[in-house]
Amino acid sequence: MTEKHKGRVRVDTEVDIVVVRKAVRDTAVALGFGVTDVTRIVTAASELARNIIQYAGSGEMKWSRLNENNKVGIEVVFEDSGPGIAHIDLAMTIGYTSGGGMGMGLPGAKRLMDEFEISSEIGKGTKVLLRKWLRKGSL
Amino acid sequence: MVPENISVVKVQNILMVTVPSDPDDETITALQERVLRAMERHQVKGLVLDISTVETLDSFFARTITETAQMVSLMGGLTVIAGMRPSVAITATQFGLTLGNALTALDADLALDMIRDKVARQGK
């Protein structure tokens, strides 16, 4: 069976969050990421999928394997047609506080990954892109 | 995932909950409900949440643990999270998740000891 290089998952309900986690986990493990990096990638993906459900209602996750200049990695993109984020700068400063559950975990997700890009337009939707590259000897 | 995957056992007024490896929201919510029901029926002095097989600790899970630990604390009990994997501890910290009142222990045995010690010091 040939290995899949990309895929997509509809994100419509909380149940889909687990589907996202599994798809991302399987790919990250297959690429050779260490245990902790796999956990980082899956956790970031889980939070962004959760954001789609909470703020947009539904959307889509697209994942793909990266292969550039002999580096391998994973790319995960979250896209929705929701209300968009009014103040991205502000959203990027609000993390999770103890038991508060505030914010969208965006700064946290950014910390877990190597590359993080976000674009949003009010009334149109939001797109978040995550990338992590495999480093030799990393956990 | 069927919520019955969670095992909840009462050991001398201490609740021992074993959490499955990748619990979905429904399972986590069911876990909290079962703990609360047990607390209503029995005098629960402590809660041990064994997360040794858990691979992902996301914000919903962290929030639910924090909430549950707070409820247990209000009733004079102690919550101990047992067996968190290093990869989960590293990721949760880096991401910015905290677990409120809950204490932690390397395994369920030590978690039980912690609760028993507290109960002994308080005097029955």
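Chain A is the first sequence line, chain B the second, and so forth, proteins listed ahead of strands; every chain is numbered from 1.
Most heavy-atom pairs under 4.5 Å with chain B: of the set A/V42, A/L112, A/V18, this distinction falls to A/L112.
Atom CG of B/L106 has 12 or fewer neighbouring heavy atoms from other residues, nucleotides or ligands inside a 6.0 Å radius. By the 6.0 Å contact criterion, NZ on B/K10 is enclosed, its count of non-hydrogen atoms from other residues, nucleotides or ligands being greater than 12.
Hydrophobic cluster membership differs between B/V9 and B/L110, with clusters built from Ile, Leu, Val, Met, Phe, Trp and Tyr side chains linked at under 4.5 angstrom. Note: the hydrophobic cluster containing A/L129 does not contain A/V9 (ILVMFWY, side chain heavy atoms under 4.5 Å, direct or indirect links).
With hydrogens and angles disregarded, no donor-acceptor distance shorter than 3.5 Å links the side chain of A/R40 to the backbone of B/T91. Formation of a donor-acceptor pair under 3.5 Å by the A/E47 side chain with backbone atoms of B/S59 is found in this model.
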Task: Evaluation steps, side chain to side chain donor-acceptor pair (under 3.5 Å), between A/R25 and B/T56 - done: CA-CA 10 Å; A/R25 177 175 296 280; B/T56 315; 2.9 Å; yes
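The part of A/S46 that comes within reach of chain B is its side chain, from C-beta onward, which places non-hydrogen atoms under 4.5 angstrom from that chain. Heavy atoms of B/I65 lying under 4.5 Å from chain A are absent altogether.
A/M113 contributes atom CE, which lies 11.0 Å from atom CD of B/Q94 (distance to the nearest 0.5 angstrom).
A salt bridge is defined here as a Lys NZ or Arg NE, NH1 or NH2 lying under 4.0 Å from an Asp or Glu carboxylate O, and B/D58 with A/R21 meets this definition.
The side-chain heavy atoms of A/R50 and B/D25, taken from C-beta on, include a pair separated by under 4.5 Å.
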